[in-house]
Number of protein chains: 2
Amino acid sequence: MELNERKLKILQAIIKDYLTTAEPVGSRTISKNYNLGISPATIRNEMSDLEELGFIVQPHTSAGRIPSDKAYRLYVDTMLELQKAEFGKLVYLDQLLKSTGRIENLLKEIARLLAQETHYTTFVTTPQYRRAKVKNLQLIDLEEGKLLVVVVTDTNHIKNRTIRVDSRYDQTVLNRLSFQLNEQLYNLSLEEIGKERIESVKQATGEDQIVGKILDALFEIIHEVDDMDIYTSGTTNILHYPEFADLDKASALMRSIEERDVFKDILNTTFDLEDGKVKISIGDENELPDLKACSLITTSYHIHGERVGAIGIIGPKRMDYYNTVYSLRCLIKNMDELLNRL
Amino acid sequence: MELNERKLKILQAIIKDYLTTAEPVGSRTISKNYNLGISPATIRNEMSDLEELGFIVQPHTSAGRIPSDKAYRLYVDTMLELQKAEFGKLVYLDQLLKSTGRIENLLKEIARLLAQETHYTTFVTTPQYRRAKVKNLQLIDLEEGKLLVVVVTDTNHIKNRTIRVDSRYDQTVLNRLSFQLNEQLYNLSLEEIGKERIESVKQATGEDQIVGKILDALFEIIHEVDDMDIYTSGTTNILHYPEFADLDKASALMRSIEERDVFKDILNTTFDLEDGKVKISIGDENELPDLKACSLITTSYHIHGERVGAIGIIGPKRMDYYNTVYSLRCLIKNMDELLNRL
DNA sequence: AGTTAGCACTCGACGCGAGCGAGTGCTAAC
DNA sequence: GTTAGCACTCGCTCGCGTCGAGTGCTAACT
């Protein structure tokens, strides 16, 4: 059995109807409202096939059908035509810039506006300059069993961390070690220092136990998200989605968002995204259990051409993908321009 | 009719019971569980009196009684004995300090821990240095009906705001006015410029309509909270209070908190608090409609002896005042010490 | 005069069953 | 291959009776 054109049209109709009503869709509804020229009985037969193919599911016997994750994926991949959209200028962003000088407030406001427009939950991270380069790395003897690792970047950000080691190392030994590591890492940007690079430096420096520990700490320092804030808005909208009528579910999701647990996964994948790409991840495609009833639309924003931050929308799987993606794209275009002017 | 000792005991019993069960309290319950040595019938008579006195209310006929705001106020003022409490050292705060260098993260964590301990919603503001002094004040003619007020402090913070006026003022007139106002306000710290000071300057400058407007704007500029962040935690706890079972109420309150509307009132009164004082404001005592079903416990924290930030707890009127106030006091003591060490 | 037992009454909460209606799958005819 | 017809399923709503917690009132008791 294959997905012929009529099945596709019916599926499309089901999705479209379900997106607006949030109610299971029956054969009669489709026959009446989407003139495909076929009777409810025929549609029923096709729907039975679509269910077998895994595109729709029945919440219970004698209910209509609702789209599955697979259907949403198909919808997003093939039925959403966004390529040729034109994006207007958002004048309110300019006004925003005038009313506040701090970029933090600007980002907060952007999250707020996006939430207001889409009625979903939104988030924006503060910018992360991952192209900053290592200028200096220094190891400092603190006390028996403790070392301090300090990294200074060419943007004069200072990051440090204490690590535990088994024995005491003399400062002259540490200085030599610092020098070696500096040679290996100098002028590398933070994003270039990935897991592989760390491993290769380990090899090059001779696989010493302490060097291993230092490099692991270094990796963490560089990639720590401690100084990144995430601004959210519209979390209370979750309470109004019919799929979160169950208070426990809603509360679990809201707590995950409040505690920032949600973002651990999201941000990694977003920063790996190629420029200008909007990523949609639907239901079960999300790692976090609380997000399995949600869809996520994420993208990145730029300052001086550098991809520095993430912005995204969390909504029910039944969300209005078309308009939401449109809004996000339009916002990003205006936002990138705005941030370049800062 | 007066509030004799027996009535007081019954009221106390009602409050105590209601705080734990969140259910209206009946006469039989009190007779059985709090051995006051009187029968339900007698208690009913007394309760009838207590209702007439405004200390308890009946949600509907044939239901038990619940304490009114007035009762909570009495309870908090006279029945809560907190004076002689000893506060232990919170070791986890020290650990917190070690794990993060930034004060922002420290404050976020403090809000989180307090929410976790109390199961209510908490907030902490970032520090505000209000002892900065006025260095210069300038009025600038913008256009017909619009003036710009600029204040510069000795810490080189610049604050400004446009205000609307009825007619146009020549810049030379504005300069003279600026000079006059500067004379009055120069070298005053921001916290010294309170409502009373503003009033007295109004008098001294001759009660002109425009001067009034300028001074009002000035007051707002000085006390505006634009560069202040407010960290909240535990907002989802609201969903579990029985008094917010109504989703619309819960969602309205959570939105108010998310949008920071709640804090406009709260913060003004908190910063006016004398040092070390914990303020409790119950139900209708709160300005904001969404807070009328809540109680608020707020106090301030200090850095180098200066009162710089607010911290507080938002819970249902039925909250556990005793333990919550205790937790807050204990936290503040440790927090002030910790912040001094920074 | 204050206290208490007794009693009728109120009213929300809960559970149950009938009825409704949206929707299905199957069958037989077109 | 399509469709009309039909029996069947099942969640939802609504009304109704019951239950029980709680009250106020009255009359009797101390």
Side-chain angles (χ1 to χ4, degrees), chain A residues 1-11 13-18 20-68 242-243 245-246, chain B residues 1-11 13-18 20-68 242-243 245-246:
Chain A
M1 186 168 31
E2 62 175 326
L3 199 61
N4 58 27
E5 190 165 348
R6 193 170 70 182
K7 282 191 175 59
L8 214 65
K9 271 190 179 154
I10 292 174
L11 183 56
I14 293 174
I15 295 173
K16 191 170 174 192
D17 209 80
Y18 188 67
T20 56
T21 63
E23 301 272 300
V25 189
S27 53
R28 260 178 65 87
T29 316
I30 295 178
S31 177
K32 261 192 301 181
N33 303 341
Y34 304 81
N35 41 357
L36 305 176
I38 41 179
S39 77
T42 312
I43 294 176
R44 277 204 288 283
N45 289 329
E46 296 285 41
M47 280 166 90
S48 181
D49 290 351
L50 281 170
E51 182 159 13
E52 207 176 311
L53 288 166
F55 287 108
I56 52 181
V57 287
Q58 223 174 350
H60 58 263
T61 357
S62 91
R65 306 303 216 288
I66 61 174
S68 67
E243 33 276 278
D246 177 5
Chain B
M1 185 169 30
E2 65 177 322
L3 200 61
N4 58 27
E5 190 164 348
R6 194 170 70 180
K7 282 191 176 58
L8 213 66
K9 273 191 176 154
I10 292 174
L11 182 57
I14 293 173
I15 295 173
K16 192 170 172 193
D17 208 81
Y18 188 68
T20 56
T21 64
E23 300 273 300
V25 189
S27 53
R28 260 177 66 85
T29 316
I30 294 179
S31 176
K32 261 192 299 182
N33 302 342
Y34 303 81
N35 40 357
L36 305 177
I38 41 179
S39 77
T42 312
I43 294 175
R44 277 205 287 284
N45 288 330
E46 296 285 42
M47 281 166 90
S48 180
D49 290 351
L50 281 170
E51 183 159 12
E52 206 176 313
L53 288 165
F55 286 107
I56 52 181
V57 287
Q58 226 173 347
H60 59 263
T61 357
S62 92
R65 306 304 216 289
I66 61 174
S68 67
E243 32 277 278
D246 177 5

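Comparing C:dG23, C:dG25, C:dT4 by their closest approach to the side chain of A:T29 singles out C:dG23. In this structure, of D:dT3, D:dG24, C:dT24, it is C:dT24 that holds the atom nearest to the side chain of A:M47.
B:T21 places a side-chain N or O within 3.5 Å of a backbone atom of B:D17 that can act as its donor or acceptor partner. The backbone N or O of B:I38 sits less than 3.5 Å from a side-chain atom of B:S31, completing a donor-acceptor pair. Judged purely by atom type and a 3.5 angstrom limit, A:S68 uses its side chain to pair as donor or acceptor with the backbone of A:G54.
Contact of B:R44 with D:dG24 (side chain to base): a donor-acceptor pair of N or O atoms is detected under 3.5 Å.
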Each nucleotide N or O in nucleotides 8-12 of chain C that has a protein N or O under 3.5 Å away: list the pair and distance.
{"residue": "C:dT10", "atom": "O2", "partner": "B:S62", "partner atom": "OG", "Å": "3.1"}
{"residue": "C:dC11", "atom": "OP1", "partner": "B:T61", "partner atom": "OG1", "Å": "3.4"}
{"residue": "C:dC11", "atom": "O4'", "partner": "B:S62", "partner atom": "OG", "Å": "3.1"}

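Contact between the side-chain N/O atoms of A:R28 and the OP1/OP2 oxygens of D:dT3 is not found at any separation under 4.0 Å. Listed pair A:R65 / C:dG25 meets the phosphate criterion, a side-chain N or O lying under 4.0 Å from OP1 or OP2. B:S27 has no side-chain polar atom (N or O) that falls below the 4.0 Å cut-off from OP1 or OP2 of D:dG22.
The separation between B:I30 atom CD1 and D:dG22 atom C1' is 12 Å, rounded to whole Å. When the P atom of C:dG23 is taken as reference, atom CD1 of A:I43 falls 12 Å away, rounded to whole Å.
For A:Q58 and B:I38, each mapped to the nucleotide of DNA chain C holding its nearest heavy atom, the one lying further toward the 5' end belongs to B:I38.
Within the 4.5 Å cutoff, no side-chain heavy atoms of A:R44 are placed close to those of A:S48. Side-chain atoms of B:L50 and B:R65, non-hydrogen and from C-beta on, never get closer than 4.5 Å to each other.
Consecutive Watson-Crick or G-U pairs involving DNA chain C, each under 3.5 Å on both distances, make up stems of three or more pairs at C:1-30 with D:1-30.
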